[in-house]
Amino acid sequence: MLTYEEARRTVVDQVTKGKGPRATTKISVWDALGFVLAEEVKTDREYPPFHRSTRDGYAVRASEAASDATLRCVAEIKAGDTVTQPLAPATCLQIMTGAAVPDGADAVVMIEHTSRDGDVVRFDRAAQPGQNIVPRGSEAKRGETILSAGMRLGYAELALAAQVGATQLRCARKPRVAILSTGDEVVAVDQAPGAFQIRNSNSVSLAAQVRLAGGEPVLLGNAADRIDDLREKISRGLREEVLVLSGGVSTGKYDLVETVLKDLGAEFYFDAVAIRPGRPAVFGKCGDTFVFGLPGNPVSTMVTFELFVVPAIDLLSGAPARALPFVEARLAEPLNEKPGLAHFLPARVEWHGVTPEVKALPWQGSGDVAALARANCFLVVAADRGQVSAGETMPILLRKDII
Ligand code: AMP
Ligand code: MG
């Protein structure tokens, strides 16, 4: 049985090897959050485009603004003003943050370090050349690449694109991810379940996780635990780049997902991982589609999606696979887990100042969605640990969707 690190490596290797060329599409900068860029974005001019003042104060020649020196202020420059006149000798100009520093001036003295009487400005301390000025072109040259293909677009990247006038961005098309739950007991979320039925909450969490990971969910509903129904709905799912199934991958009599996939020609790269929850997770390929069979217990489905499906969606989006964002936290209460499998326990991290402290939450096992909804992270207990004392440093995985 693979460890979760080995299983992730398998996903990364197989998807890297098996992914086809990526289709692209132009997206408005207003809508491109979470897309992966498929082109380079270059600057349209130098940045900053002029010598920019970073303070409200006076533009001076540093050599003329010694401590206790006085200079006559002859004009004012606001942000956005057109500046053509150089600074005349033995004068200064009042200047605002974001305004262009005129030729001849080589320093801006903060207004707080001056006093003024009419036109005459007195300097409390000697100005230093270059002070409070960001030189033209020092952030980026004209035509310089500032965003590259494969970058995920977050708010800063989008602002940078907007800054250089790139308002339509060529992005990778999001991978389409078919979602199919299985189980005779499962009814649609808008139906009233019978006394022994459950609503299809997994399709809801999976669709949310697909979106967060940068994919486009394609909802296929639920298949009964029967070969014919599974075959029909799985065949539909195999028209997409990725198919994620929930349920039907354990060893019970009605766990038929692997059998049906095998009949349809799938090859499997793993069919169990040494984790709890989530041990029966399956990964393979059927035709050109990457297939994940995730166990049906909701917390297992969520954990295995984060561990194994997210890197596949990353790669199929044209981005590198994101590393698991582990954080170290101090364990608030001792743990006593059965060793042998790596555990991902619903847990709550709180920050006292900057030091995170984590506590595993009471839970009824992998069916307990309510526990995970109270959690903001997973506490990760390595397979060779069972007993862990309070005060030890433990790895946690933040729930990035809510933190
Ligand atoms: P399975 O992996 O098929 O053995 O399913 C394990 C358990 O997960 C089932 O007994 C259900 O309680 C639960 N489950 C399965 N499918 C779903 C689903 N689509 N939504 C919510 N819970 C589910
Ligand atoms: Mg089932």
Side-chain angles (χ1 to χ4, degrees), residues 1 4 7 177-212 215 217-234 236-237 240 242-263 266 268 270-284 291-309 341 343-346 363-375 378 399 401:
M1 192 162 39
Y4 73 88
V177 181
I179 296 170
L180 177 61
S181 71
T182 71
D184 288 342
E185 75 279 31
V186 177
V187 302
V189 292
D190 51 4
Q191 273 175 28
F196 301 100
Q197 293 180 316
I198 56 165
R199 294 190 181 91
N200 189 354
S201 64
N202 281 351
S203 288
V204 173
S205 56
L206 285 171
Q209 287 177 290
V210 165
R211 282 208 180 85
L212 284 165
V218 178
L219 297 172
L220 301 185
N222 184 71
D225 293 317
R226 285 196 328 264
I227 298 280
D228 57 339
D229 200 34
L230 282 166
R231 197 180 165 91
E232 184 196 322
K233 287 174 178 153
I234 287 176
R236 165 66 189 89
E240 308 300 344
V242 183
L243 168 60
V244 178
L245 291 131
S246 94
V249 290
S250 303
T251 50
K253 187 174 165 196
Y254 295 99
D255 291 323
L256 301 169
V257 164
E258 270 176 277
T259 308
V260 172
L261 281 168
K262 211 170 281 166
D263 283 352
F268 296 105
F270 60 76
D271 66 359
V273 186
I275 52 172
R276 189 182 354 248
R279 200 178 88 100
V282 173
F283 169 56
V291 182
F292 294 88
L294 309 182
N297 268 310
V299 181
S300 311
T301 317
M302 295 174 199
V303 167
T304 49
F305 186 98
E306 289 302 302
L307 293 178
F308 309 124
V309 188
L341 300 172
H343 289 231
F344 291 79
L345 305 172
W363 71 318
Q364 298 300 319
S366 56
D368 193 349
V369 190
L372 197 52
R374 283 191 292 271
F378 294 99
R399 272 188 58 200
D401 57 333

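Position 1 is the first residue of the sequence, and the numbers go up from there. First listed ligand is number 1; within each ligand, the first listed atom is number 1. Every value quoted in this text rests on a predicted model; they were computed, and no experiment measured them.
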key: A370: partners by side chain to side chain contact (heavy atoms under 4.5 Å, CB included), with sequence neighbours left out   = D368, R374

inquiry  = Using 30° and 60° as the class boundaries, would you call the ring planes of F344 and Y4 parallel, tilted or perpendicular?
reply    = perpendicular

request  = Check step by step if side chain to side chain contact (heavy atoms under 4.5 Å, CB included) holds for F378 and L372.
outcome  = CA-CA 9 Å; F378 294 99; L372 197 52; 3.5 Å; yes

query = Taking everything shown except R236 itself, do over 12 heavy atoms lie less than 6.0 Å from its CZ?
reply = yes

key: Any donor-acceptor N or O pair under 3.5 Å, side chains S181, N202   = no

key: Any donor-acceptor N/O pair, N222 side chain to G183 backbone, under 3.5 Å   = yes

Could you list each N/O atom of ligand 1 together with any protein N/O atom closer than 3.5 Å, one pair per line with the distance?
unit_1	atom_1	unit_2	atom_2	d
ligand 1	2 (O)	G296	N	2.8
ligand 1	3 (O)	G248	N	2.9
ligand 1	8 (O)	G296	O	3.1
ligand 1	8 (O)	N297	N	3.1
ligand 1	8 (O)	N297	OD1	3.4
ligand 1	14 (N)	G296	O	3.2
ligand 1	19 (N)	N200	OD1	2.8
ligand 1	20 (N)	S201	N	3.4
ligand 1	20 (N)	N202	N	3.2

